[in-house]
Amino acid sequence: MNKYRTHNCSELRKKNSSQDIILSGWINKKRDHGNLLFIDLRDNYGITQCIIDKSNSSFKELEKIQLESVIKINGKVVERSEETINLELQTGEVEVNIDSFEVLGTCKELPMPVFTDQEYAEEIRLKYRFLDLRRKKIHDNIILRSKVISFIRNEMFQLGFLEFQTPILTSSSPEGARDFLVPSRLNPGKFYALPQAPQQFKQLIMVSGFDKYFQIAPCFRDEDARADRSPGEFYQLDLEMSFVEQEDIFEVVEKLIVNVFKKFSLKKLMHAKFPKISYEESMLKYGSDKPDLRNPLLISDLTNIFSREDVTFEIFKKLVKSGSKVRCIVTKNTKDKPRSFFDNIDKWAKDQGASGLAYFTIEKDKQISAKGPVGKFFSSAALEEIMKITGANDGDSVFLACGKINEVEKITSQARDKIANDLDLIDKNIFAFCWIVDYPMFEKDEITNKIKFSHNPFSMPQGNIKDINFDEPLNIKAYQYDIVCNGIELSSGAIRNHIPELMYKLFSIAGYEKTQVDEKFSGMINALSYGAPPHGGIAPGIDRIVMLLANEKNIREVTMFPMNQNAQDLMMNAPSNVNEEQLKELGLAIKIKK
RNA sequence: GGGGGUGUAGCUCAGUUGGUUAGAGCGAUCGCCUGUCACGCGAUAGGUCGAGGGUUCGAGUCCCUUCACUCCCGCCA
């Protein structure tokens with residue numbers, strides 16, 4: 001028999017009555033009646049109420065033990081009387097009469113309470129993460145994470161995938177995020193990089209003939225944090241398949257995602273089959289390549305309206321003439337909303353750094369007219385045209401933004417969220433998935449005006465390779481795709497370019513010489529010239545999937561030991577200084593800019 | 001790198017127009033209490049009001065600087 005326990009803290013039931021048992025756990029709560037003491041004993045599995053009174057010689061001693069100390073209890077299970085049953089506990093029909101106890105681990109005065117629903121500052125939570133993790137909600141989130149990952153593993157094995165590990169110490173690559181670097185002792189002055197993703201390795205696995213690979217892969221990117229983005233490291237379900245087309249990947253991943261979300265959440269899926277939206281359409285209708293499809297508001301383009309004679313909104317007309325775009329959002333039946341509703345949105349837009357959102361409300365008397373600050377600039381014929389384009393009716397309002405295309409896309413995208421939240425249009429009990437497809441292979445860098453890869457440089461361009469017009473690279477689309485759920489980018493993938501000549505060609509468009517490609521991607525470009533199968537894959541973000549399933553807005557709520565926003569681990573004190581000896585061995589000197 | 005929010009007891013927070021000795025709940029310590037499950041009652045301890053500077057007869061409160069945490073922009077193929 002185990003010396004610490006015969007049962008865990010959620011096991012005991014009526015049928016155990018009058019058994020002598022041993023429990024071990026943390027003191028969750030004490031209720032001290034002076035001559036009678038209740039102790040809620042907690043472990044990973046649950047809570048059991050234990051009881052002792054002054055007739056027991058260890059009563060006084062137990063009374064004084066701190067909450068969150070770990071104790072072992074020898075006692076007898078007894079049925080509770082009818083009126084003292086606690087239905088909120090799984091073990092609530094019984095309790096344990098304590099015979100004797102032993103302290104296994106004492107607890108100092110707590111820096112923060114453990115048994116409470118109260119929220120408290122993240123700084124202290126992270127510093128005492130081991131206490132924070134005892135609290136029910138986050139404890140359950142972490143257990144959920146474990147279950148989701150093991151479920152995914154099983155599904156992947158059943159689908160015929162093999163799990164492989166890939167190196168953590170690898171080489172730095174151009175393109176993409178900032179690398180974390182690790183100095184090499186044996187090769188002074190040289191550095192390893194932590195992988196931003198096992199991208200090249202998984203392609204090499206395909207070249208090696210393994211056909212279907214997956215890994216719950218740690219990925220490292222030295223970029224600034226967001227609520228849904230850990231600084232430093234995160235996990236992807238990295239997968240790759242040989243001899244596949246885009247649709248084959250979609251089928252596998254969509255099935256997997258649907259199974260995971262159905263198993264671990266009660267929320268409904270908005271679409272049984274994920275809709276496919278082209279990048280271009282998404283940017284137009286949602287202003288973003290990660291649209292929240294729960295949000296019914298759509299964006300329309302009204303640029304052409306502003307070249308009409310009967311529209312006299314001169315500020316916009318002038319901007320349109322010099323190449324600006326006008327986009328709008330229509331809100332249904334908002335004619336009776338108070339002025340403050342509209343002005344708040346305009347003010348909010350200005351706070352976001354935009355020049356504001358003009359608005360009017362469509363009214364119909366004998367003919368169509370527009371009310372509101374800029375309503376007078378539109379003739380009824382122009383308004384009818386706007387109604388045709390946007391599907392607006394009388395009683396609806398139109399919010400307008402004008403500016404360079406990127407600016408307009410950004411502000412209308414944010415305004416979609418803002419207005420939908422203000423009007424409470426988003427159903428929180430739904431998961432709305434979609435595929436974003438047909439990404440452009442290249443884009444123009446705003447600042448340098450140079451052509452660069454818009455996503456993954458290893459993606460396969462669309463169309464027949466002989467027919468691709470490389471002279472207009474901005475028109476080349478790629479077999480590149482994302483999964484988006486509720487406005488969160490869940491994964492990104494592509495059919496890969498496995499043809500070395502084509503790879504050189506594309507890299508040359510992005511300004512890389514052949515020799516540079518050979519040097520930077522030596523492992524892969526070399527491998528592709530020894531018989532590479534057509535292949536493709538995708539990498540859903542594990543942390544974000546669990547975040548959605550746990551209904552959390554912050555990724556740290558589903559991460560066991562997260563770093564803070566400045567990429568510091570407050571519990572382990574990382575990053576930290578190293579001593580001279582270590583630096584010397586690596587041939588490094590510290591030069592801190594002030 | 002830039003913008004917003006927050007910072008008062010171990011924890012969560014209140015603190016009026018700038019005015020006496022900065023308060024409450026939880027926690028801690030001590031005492032009372034034999035059926036609680038957020039047990040109850042009483043008492044005690046606990047404060048660099050994030051830090052520095054300024055205005056003022058007087059600053060938790062007003063001004064300037066700065067630090068920490070957080071949210072957002074940039075960034076994240």
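Nothing here was measured: the structure is a model prediction, and the numbers come from that model. Letters A, B, ... mirror the listed sequences (proteins, then strands); counts begin at 1.
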[X] near the nucleic acid: base, sugar-phosphate alone, or nothing, with a heavy-atom cut-off under 4.0 Å?
X: A/Gln196; answer: nothing
X: A/Gln199; answer: base
X: A/Asp32; answer: base

Nearest-Å distance, [atom1] ([X]) to [atom2] ([N])?
X: A/Phe38; N: B/rC33; atom1: CZ; atom2: P; answer: 16 Å
X: A/Asp224; N: B/rG3; atom1: CG; atom2: P; answer: 15 Å
X: A/Asn35; N: B/rU34; atom1: CG; atom2: C1'; answer: 6 Å

Is any N or O donor-acceptor pair between the side chain of [X] and the base of [N] shorter than 3.5 Å?
X: A/Arg226; N: B/rU70; result: no
X: A/Arg221; N: B/rC76; result: no
X: A/Glu123; N: B/rU70; result: no
X: A/Glu95; N: B/rG35; result: yes
X: A/Arg125; N: B/rC69; result: no

Problem set entry | A/Asp140/A/Lys137 salt bridge by N-O under 4.0 Å criterion | no
Problem set entry | Salt-bridge present (A/Lys477, A/Asp438; N to O < 4.0 Å) | no
Problem set entry | Secondary-structure stems for RNA chain B, with pairs counted as Watson-Crick or G-U when both distances are under 3.5 Å and runs at least 3 long | B:1-7 with B:67-73, B:10-13 with B:23-26, B:28-32 with B:40-44, B:50-54 with B:62-66
Taking only side-chain N and O atoms of [X], does any of them lie within less than 4.0 angstrom of OP1 or OP2 on [N]?
X: A/Gln49; N: B/rU36; answer: no
X: A/Arg31; N: B/rC39; answer: yes
X: A/Lys29; N: B/rC39; answer: yes

